[in-house]
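Just below is one structure, and these are the notes that go with it.
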Amino acid sequence: MNASFYERPVVEVARDLIGCVVSSCGCSGVIVETEAYHDSEPACHAYAGLTARTATLFGPPGRAYVYRSYGVHALLNAVSEREGVGAAVLIRALEPLDGIELMHARRGVSRERDLCSGPGKLTQALGIWLDEDGGDLSSGPVTISHRPAARLEPEIVRSRRIGITKAVELEWRFCMHGSRHLSSSERR
DNA sequence: CATGGGATTGACT
DNA sequence: GTCAATCCCATGC
């Protein structure tokens, strides 16, 4: 998808990414869960302003923002809105599509629904690490492309974001209705 | 310069 | 349900 897709209000981008396909290193999956973050609200890393950590968030739209969470996991975001605005969509869960054997090998779990059902899980399954930060999502290695023509338009459910302590009232989370591949946090 | 907390996960009770 | 792992960096003294 080109940069104009991402150069829109981040909440719209988060909604429209449901059903799109993330690909990396021979693996791919359909996005079934996203969350929007914007520098105007305190749950967003960019809320504190432009720093070394958040430089990618304030950069041009259509790039990957990959950061370390809890000192352990890598989380994948798609930078949105115009350059100079700190906003991104967190990719929280995928339905595995291609390269499923490789995902099993990387994740070390048996159930397919455990492969990509969380933001830290899907980066591990797809082999996405912190060095992808700043990468162009239209050229790779990590890419996001439109919903495959064979797939129906998804029914989308909107709710509050998960696992945050600030601005919890905002309904900036989007899920594909009925998907079996949502994050485990979904069930809290 | 020291400290605390976080957009999570998985192991254990 | 509870909790440790593990590290970057924003914040505050």
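Not measured: the values here are computed from a predicted model. Numbered from 1 within each chain, the chains take letters A, B, ... in sequence-line order.
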Quantified in whole Å, what is the [atom1] atom distance between nucleotide [N] and nucleotide [M]?
{"N": "B:dA2", "M": "C:dT6", "atom1": "P", "value": "22 Å"}
{"N": "C:dA4", "M": "B:dG4", "atom1": "P", "value": "15 Å"}
{"N": "B:dG10", "M": "C:dC8", "atom1": "C1'", "value": "22 Å"}
{"N": "C:dA5", "M": "B:dT13", "atom1": "P", "value": "15 Å"}

- prompt: What do the steps show when you test A:Arg106 against A:Gln124 for side chain to side chain donor-acceptor pair (under 3.5 Å), and what is the final call?
  reply: CA-CA 7 Å; A:Arg106 288 190 177 120; A:Gln124 185 185 20; over 6 Å; no
statement: Here the pair of heavy atoms bringing A:Val79 nearest to A:Gly59 is CG1-O, 3.8 Å
query: Do you know the tightest heavy-atom contact between A:Val32 and A:Leu182?
result: O-CD2, 3.3 Å
Atom pair distance, as rounded to whole Å: [atom1] in [X] and [atom2] in [N]:
{"X": "A:Glu35", "N": "B:dG6", "atom1": "CD", "atom2": "C1'", "value": "14 Å"}
{"X": "A:Asn77", "N": "B:dT8", "atom1": "CG", "atom2": "P", "value": "11 Å"}
{"X": "A:His45", "N": "B:dG5", "atom1": "NE2", "atom2": "C1'", "value": "11 Å"}
{"X": "A:Tyr65", "N": "C:dC8", "atom1": "OH", "atom2": "P", "value": "13 Å"}
{"X": "A:Leu76", "N": "B:dT9", "atom1": "CG", "atom2": "P", "value": "13 Å"}
{"X": "A:Lys121", "N": "B:dA7", "atom1": "NZ", "atom2": "C1'", "value": "15 Å"}
{"X": "A:Gln124", "N": "B:dT8", "atom1": "CD", "atom2": "C1'", "value": "12 Å"}
{"X": "A:Glu171", "N": "B:dA7", "atom1": "CD", "atom2": "C1'", "value": "17 Å"}

- request: Verify the contact: side-chain N or O of A:Thr165 to OP1 or OP2 of B:dG5, cut-off strictly under 4.0 Å; return yes or no.
  value: no
query: Do the side-chain N or O atoms of A:Lys166 get closer than 4.0 angstrom to the phosphate oxygens (OP1, OP2) of B:dA7?
result: no
message: Would you say A:His38 and A:Ser40 are linked by a side-chain donor-acceptor pair, where the criterion is simply a distance under 3.5 Å?
response: yes
field: With sequence neighbours excluded, residues passing side-chain hydrogen bond (donor to acceptor under 3.5 Å, both in side chains) with A:Tyr65
entry: A:His45
task: Please identify each residue that fulfils salt bridge (charged side-chain N to carboxylate O under 4.0 Å, His left out) with A:Arg63, with sequence neighbours left out.
output: none
field: Residue list, salt bridge (charged side-chain N to carboxylate O under 4.0 Å, His left out) with A:Glu12, at least two apart or on another chain
entry: A:Arg8
message: Are there runs of at least three consecutive Watson-Crick or G-U pairs touching DNA chain C, with each pair's two distances under 3.5 angstrom? Give them by first number.
response: B:1-6 with C:7-12, B:8-12 with C:1-5
- request: Begin from the C-alpha positions of A:Lys166 and A:Glu41 and carry the test salt bridge (Lys or Arg N to Asp or Glu O under 4.0 Å) through to its verdict.
  value: CA-CA 8 Å; A:Lys166 302 162 192 164; A:Glu41 46 89 15; over 6 Å; no
- request: Could you tell me whether A:Arg82 and A:Glu7 have a side-chain N and a carboxylate O separated by less than 4.0 Å?
  value: no
task: Report which part of the nucleic acid A:Leu90 touches: base, sugar-phosphate, or nothing (heavy-atom distance under 4.0 Å, all strands).
output: base
task: Please tell me if the side chains of A:His181 and A:Leu122 come closer than 4.5 Å, counting only heavy atoms from C-beta onward.
output: no
query: Would you find more than 12 non-hydrogen atoms of other residues, nucleotides or ligands less than 6.0 Å from A:Glu169 atom CD?
result: yes
query: For residues 46-54 of chain A, which residues have at least one heavy atom under 4.0 Å from DNA chain B?
result: none
field: Passing candidate, side-chain contact (heavy atoms from CB on, under 4.5 Å) with A:Ser28, options A:Asp98, A:Val22, A:Leu126
entry: A:Asp98
Pairs: protein N or O with nucleotides 2-6 of chain C N or O, under 3.5 Å:
unit_1 : atom_1 : unit_2  : atom_2 : d
C:dT6  : O2     : A:Tyr70 : O      : 2.3

